[in-house]
Participant: 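Starting off with a structure, shown below.
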Amino acid sequence: VLSIRGIQEEDPPDAQLMRLDNMLLAEGVSGPEKRGRGGPMAVAATSGGCPNDNSIEHSDYRAKLSQIRQIYHSELEKYEQACSEFTTHVMNLLREQSRTRPISPKEIERMVNIIHGKFSTIQMQLKQSTCEAVMILRSRFLDARRKRRNFSKQATEVLNEYFYSHLSNPYPSEEAKEELAKKGGITVSQVSNWFGNKRIRYKKNMGKFQEEANIYAAKTAVDATNVVAQGNQANSPSTPNSGEWEPVERPDGFFCL
DNA sequence: TTTAATGATTAAAG
DNA sequence: CTTTAATCATTAAA
């Protein structure tokens, strides 16, 4: 079995292996056992998400992670043990043979290297599959898309009001976003997400939003700072302007329809 | 059950 | 950092 290989195994073994090791460490699989408190567990804080999900979900996640961790460590130990056992076994064989033929120390060393190479590739496979398991676990528990809930009527009302009353420039400032978030009972990130989605989806299929536009068109006052477009006030929403808000240059915040 | 709507994430560009 | 555009995953509607 110990053919003349093992020296030419993989050219970049360290590149991949370093990544796997780093990830396992970062994920707390291969690091020191952190029983009890001390969790600076950095959950992706980008999305507002529900404020009341940090009980069952998280502990469930940690339980599963600890399970993975256990398996990983026991397997790793098994490999270490098997490796050393096998090495000593081969050494014994070589010692026996050395009675009938001369065996150079170099040959022995080569043999040991081959064995260690073999076992380290197995170890690498273990790390690989462990990383996969962690990734799956992460996507299963920590992906906010899986916890998505529709906004309240109030929130969508507020957001749509702003959007359709600022159709010419639907980019709320940071302050405006905070205001909208407060009024709708959602986070600023969620407001940003909503506007990002709304803009692209409105632009992509304006006809689909005509009715919605009609509903919200009359409900809000025009931005006080833009007092320019008096003539376009009666802009009939049933004939959506084919131009977007982007292509027309907006030198100073003027209307661009 | 299939489809549409929708909030969140990602990559890429500024 | 922000945005667009594409995509993912869930929910509501058909």
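Just so it is clear: chains get the letters A, B, ... in the order the sequence lines come, proteins before strands, and each one is counted from 1. Here the structure is a predicted model, which is why all the values come from computation and not from measurement.
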Participant: Check if the side chain of A:Arg201 and the base of C:dT7 share a donor-acceptor pair of N or O atoms closer than 3.5 Å.
Facilitator: yes

Participant: Using a cut-off of strictly less than 4.0 Å, decide whether A:Gln190 has a side-chain nitrogen or oxygen near OP1 or OP2 of B:dA8.
Facilitator: yes

Participant: Given C:dT3, is OP1 or OP2 found less than 4.0 Å from the side-chain N or O atoms of A:Lys177?
Facilitator: yes

Participant: What's the closest nucleotide to the side chain of A:Asp143 if the choices are B:dG7, C:dA9, C:dT4?
Facilitator: C:dA9

Participant: I'd like to know whether NZ of A:Lys198 has more than 12 heavy-atom contacts from other residues, nucleotides or ligands below 6.0 angstrom.
Facilitator: yes

Participant: Report yes if a side-chain nitrogen or oxygen of A:Arg146 is closer than 4.0 Å to either non-bridging phosphate oxygen (OP1 or OP2) of B:dA8; otherwise report no.
Facilitator: no

Participant: Whole angstrom is fine here: how far is it from CZ in A:Phe141 over to P in C:dA9?
Facilitator: 15 Å

Participant: Crowded around A:His73 NE2? As in, over 12 foreign heavy atoms under 6.0 Å?
Facilitator: yes

Participant: Taking only the side-chain heavy atoms of A:Arg145 (C-beta and beyond), determine which of B:dT9, B:dT6, B:dA5 contains the nearest atom.
Facilitator: B:dT9

Participant: Could you tell me whether the side chain of A:Arg148 has a donor or acceptor atom within less than 3.5 Å of a complementary atom in the base of B:dT6?
Facilitator: yes

Participant: Is there a side-chain polar atom (N or O) of A:Tyr202 under 4.0 Å from OP1 or OP2 of B:dA5?
Facilitator: no

Participant: Within the distance-only criterion (no hydrogens, no angle test), does the side chain of A:Ser173 pair as donor or acceptor with the backbone N or O of A:Ala176 below 3.5 angstrom?
Facilitator: yes

Participant: When the distance from CZ of A:Arg199 to C1' of C:dT3 is rounded to whole Å, what number comes out?
Facilitator: 7 Å

Participant: Taking atom P of C:dT10 as reference, at what distance in whole Å does atom CG of A:Leu142 sit?
Facilitator: 14 Å

Participant: Flag yes if more than 12 heavy atoms outside A:Glu212 fall under 6.0 Å of its CD atom; otherwise flag no.
Facilitator: yes

Participant: Starting at atom CG of A:Asn150, determine the distance to atom C1' of C:dT10, rounded to an integer number of angstrom.
Facilitator: 8 Å

Participant: Take A:Lys204 and A:Ser192, find for each the nucleotide of DNA chain C with the closest heavy atom, and name the residue whose nucleotide sits nearer the 5' end.
Facilitator: A:Ser192

Participant: Side-chain N or O of A:Lys147 less than 4.0 angstrom from OP1 or OP2 on B:dG7?
Facilitator: no

Participant: Checking side-chain polar atoms at under 3.5 Å, does A:Glu179 have a donor or acceptor matched by the opposite partner on A:Tyr162?
Facilitator: no

Participant: Atom NZ of A:Lys198 to atom P of B:dA5: distance rounded to whole Å?
Facilitator: 11 Å

Participant: Checking side chain to side chain contact (heavy atoms under 4.5 Å, CB included) between A:Lys64 and each of A:Ile136, A:Leu137, A:Val134, which is the one that passes?
Facilitator: A:Leu137

Participant: Would you kindly give the CD-to-P distance between A:Glu175 and C:dT2, to the nearest whole Å?
Facilitator: 13 Å

Participant: Figure out the CZ/C1' separation between A:Phe195 and B:dT9, and round it to whole Å.
Facilitator: 19 Å

Participant: Give a yes/no on whether any side-chain N or O of A:Asn197 is located under 4.0 angstrom from OP1 or OP2 of B:dG7.
Facilitator: no

Participant: Could you work out which one of C:dA9, C:dT4, B:dG7 sits closest to the side chain of A:Trp194?
Facilitator: B:dG7

Participant: Considering heavy-atom distances to DNA chain C, does A:Glu174 or A:Ile200 have its closest nucleotide positioned more toward the 5' end?
Facilitator: A:Glu174

Participant: Looking at A:Lys208, does any N or O in its side chain come under 4.0 Å of the phosphate oxygens OP1/OP2 on B:dA5?
Facilitator: yes

Participant: In whole angstroms, how far is the C1' atom of B:dA5 from the CD atom of A:Glu212?
Facilitator: 11 Å

